[in-house]
Amino acid sequence: MSAQLIEGKKISDSIREEIKAEAERLKGEGVTPGLVVILVGEDPASQVYVRNKAKACEQLGYYSEVVRLPAETTQQELLSLIARYNEEAKVHGILVQLPLPKHIEEKAIIDAIAVEKDVDGFHPESVGNLMIGDDTLLPCTPAGVIELLKRTGNDPAGKHAVVIGRSNIVGKPVAMLLLRENATVTICHSRTPNLPEISSQADILVAAVGVPKLVKKEWIKPGAVVIDVGVNRLPDGKLCGDVDFDDALQRAGWITPVPGGVGPMTITMLMANTLRAAKRSLA
Ligand SMILES: Nc1nc(=O)c2c([nH]1)NC[C@@H]1CN(c3ccc(C(=O)N[C@@H](CCC(=O)O)C(=O)O)cc3)C=[N+]21
């Protein structure tokens with residue numbers, strides 16, 4: 001038995017076609033979706049993502065700016081820049097690439113972004129909206145995970161979903177979205193004593209821990225849907241997920257590859273959020 005591949009890249013491309021059509025309609029009404037990506041310092045992984053985001057904007061005909069700031073940029077300078085983009089009508093989405101240099105307090109930066117431009121969905125008000133089920137911009141990776149499930153016919157309703165990882169950017173919000181989709185949700189983390197046991201009860205398993213190849217065949221219920229959110233850069237430069245892919249392939253029913261799984265969806269959901277923010281600016 002070999003799992004079916006969840007082709008994130010392909011699914012992502014078809015969603016981008018939908019977004020592009022919608023963006024063109026909006027342009028007809030005089031609004032071009034605009035995104036600014038702010039990068040502080042020289043983190044090499046961040047450079048790649050920032051480039052991918054700019055490329056996606058170009059592909060969809062968005063207005064896009066990339067602001068590259070030196071690692072020594074002060075918190076105050078960054079806050080002033082955000083204040084400026086909060087007021088800039090051409091820009092509907094503001095993304096400050098994380099992680100930030102140590103001397104900048106991430107929370108202060110995220111809090112400063114206008115909620116209506118919070119295309120990452122990291123602002124406390126966006127998080128609160130998600131929690132209570134209000135209409136809001138959703139965090140991109142979690143939204144991408146749900147989209148992958150739905151577009152492969154794996155509706156989470158009534159399923160047992162196990163999330164490994166409890167970060168604010170993936171683990172917690174993806175658990176909340178799965179709950180909203182009527183899954184029964186278990187959240188595991190580094191202090192969970194019997195991880196393989198719980199994990200192997202999952203109909204849907206989401207790995208978001210940042211430990212290369214942590215999830216082995218024995219952790220997977222036969223036929224389960226395995227979503228690998230890990231983006232780990234190995235010493236040889238290759239990208240690797242949190243799931244031991246070759247091992248898992250023999251046991252899972254469906255599985256996302258890394259690269260080509262969740263990663264492209266993250267960027268596509270960012271484009272979708274920017275479009276939504278732009279549409280709302282009309283109202
Ligand atoms: N404020 C903020 N928002 C983010 O959304 C954010 C961030 N900071 N910091 C870094 C992480 C990481 N992230 C990825 C996005 C796309 C790919 C992606 O496109 N991956 C491709 C391959 C890329 C490659 O080859 O390196 C794939 O998986 O196929 C990966 C990772 C967004 N992040």
Side-chain angles (χ1 to χ4, degrees), residues 3 6 8 43 45-46 49 97-100 106-107 110 120-124 126-128 130-131 138-150 154 156 159-221 224-234 239-245 247-248 251-252 254-267 269-270:
I6 300 179
D43 179 52
S46 287
Y49 307 142
Q97 186 79 16
L98 303 177
L100 288 165
E106 264 173 25
K107 184 176 163 48
I110 292 169
D120 256 335
F122 294 166
H123 189 284
S126 306
V127 176
L130 165 61
M131 188 88 176
L138 298 175
C140 302
T141 300
V145 169
I146 300 297
E147 207 62 36
L148 284 178
L149 291 171
K150 288 189 169 172
N154 290 297
K159 302 284 169 57
H160 182 197
V162 173
V163 177
I164 311 178
R166 54 171 155 178
S167 71
N168 286 331
I169 62 175
V170 183
K172 282 191 241 175
V174 85
M176 203 48 64
L177 283 177
L178 286 162
L179 181 63
R180 208 171 77 170
E181 296 294 335
N182 301 307
T184 303
V185 183
T186 303
I187 305 175
C188 301
H189 47 81
S190 53
R191 303 287 293 271
T192 303
N194 50 346
L195 251 169
E197 188 191 324
I198 296 178
S199 165
S200 60
Q201 292 167 20
D203 302 309
I204 296 172
L205 181 60
V206 180
V209 260
V211 179
K213 301 190 183 181
L214 176 73
V215 177
K216 309 286 181 198
K217 188 167 66 194
E218 296 71 33
W219 296 38
I220 298 168
K221 177 173 165 178
V225 184
V226 177
I227 306 288
D228 191 350
V229 181
V231 266
N232 308 294
R233 188 73 60 181
L234 297 177
L239 215 56
C240 149
D242 294 345
V243 176
D244 186 333
F245 184 81
D247 212 35
R251 185 75 74 100
W254 293 83
I255 189 167
T256 60
V258 176
V262 174
M265 286 298 285
T266 296
I267 295 187
M269 293 300 106
L270 175 66

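Just the heavy atoms: all of them, side chains too, but no hydrogens, waters or symmetry mates, feed the values below.
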Could you check whether any side-chain heavy atom of Tyr49 comes within less than 4.5 Å of a side-chain heavy atom of Val231, counting everything from C-beta outward? yes
Smallest separation among heavy atoms of Pro139 and Pro173, with atom names: CG-CB, 3.6 Å
Minimal non-hydrogen separation, Ile110 against Phe122, with atom names: CG2-O, 3.3 Å
Would you compute the distance between atom NZ of Lys216 and atom CG of Asp247 and round it to the nearest 0.5 angstrom? 6.5 Å
Does the side chain of Lys172 reach to within under 4.5 Å of the side chain of Pro142, using non-hydrogen atoms? no
Apply side-chain contact (heavy atoms from CB on, under 4.5 Å) to Arg166 and Ser190, showing your working. CA-CA 9 Å; Arg166 54 171 155 178; Ser190 53; 3.8 Å; yes
Qualifying residue, where the test is side-chain contact (heavy atoms from CB on, under 4.5 Å) with Leu205 and the options are Ile227, Val225, Ile164: Ile164
What's the spacing between Glu147 CD and Met269 CE if we round to 0.5 Å? 5.0 Å
Just by distance, do the side chain of Thr192 and the backbone of Leu195 share a donor-acceptor pair under 3.5 Å? no
Without swapping roles, check the side chain of Arg251 against the backbone of Ile220 for a donor-acceptor pair under 3.5 Å. yes
Residue pair Leu178, Val206: steps toward the side-chain contact (heavy atoms from CB on, under 4.5 Å) verdict: CA-CA 10 Å; Leu178 286 162; Val206 180; 4.2 Å; yes
Residue pair Ser46 / Gln97: nearest heavy atoms and the distance that separates them: OG-CG, 3.5 Å
Taking all atoms of both residues into account, what is the closest heavy-atom pair of Cys188 and Ile198, and its distance? SG-CG2, 3.6 Å
List for me each residue that meets side chain to side chain donor-acceptor pair (under 3.5 Å) alongside Lys213, sequence neighbours excluded, and say none if there are none. none
side-chain contact (heavy atoms from CB on, under 4.5 Å) for Thr186 and His160? Distances and angles first, verdict last. CA-CA 8 Å; Thr186 303; His160 182 197; 2.8 Å; yes
Decide side-chain contact (heavy atoms from CB on, under 4.5 Å) for Leu149 and Trp254; before the verdict, give the C-alpha distance in whole Å, the side-chain angles of both, and the deciding distance to 0.1 Å. CA-CA 10 Å; Leu149 291 171; Trp254 293 83; over 6 Å; no
Can you tell me how far apart CD1 (Ile146) and CG (Leu138) are? Round to the nearest 0.5 Å. 9.5 Å
How about Lys107: does its NZ atom have over 12 heavy atoms from other parts shown lying under 6.0 Å from it? no
To check you understand the geometry: which heavy-atom pair defines the closest contact between Cys240 and Pro212, and what is its length? SG-CB, 3.8 Å
Pairs in or reaching into residues 188-199: which pass salt bridge (charged side-chain N to carboxylate O under 4.0 Å, His left out), with residues at least two apart or in two chains? none
Whether Glu106 side chain and Leu100 backbone form a donor-acceptor pair below 3.5 Å: yes
Could you check if a side-chain atom of Asp228 sits within less than 4.5 angstrom of a side-chain atom of Val262, using non-hydrogen atoms only? no
Selection residues 173-188 - residue pairs positive for salt bridge (charged side-chain N to carboxylate O under 4.0 Å, His left out), sequence neighbours left out: Lys150-Glu181
Rounding to 0.5 Å, atoms CD1 (Ile6) and CD1 (Ile255) come to a distance of 8.5 Å
Cationic N near anionic O, under 4.0 Å, Lys221 to Asp203: yes
So, for Val243 and Ala207, which heavy atoms are closest and what is the spacing to 0.1 Å? CG2-CB, 4.0 Å
Single hit among Ile267, Ile169, Val229 for side-chain contact (heavy atoms from CB on, under 4.5 Å) with Thr141: Val229
Just wondering, do Leu148 and Thr256 contact through their side chains at under 4.5 Å, heavy atoms? yes
I'd like to know if the side chain of Asp242 reaches the main chain of Val209, judged simply by a donor and an acceptor atom lying under 3.5 Å from each other, with no hydrogens or angles considered. yes
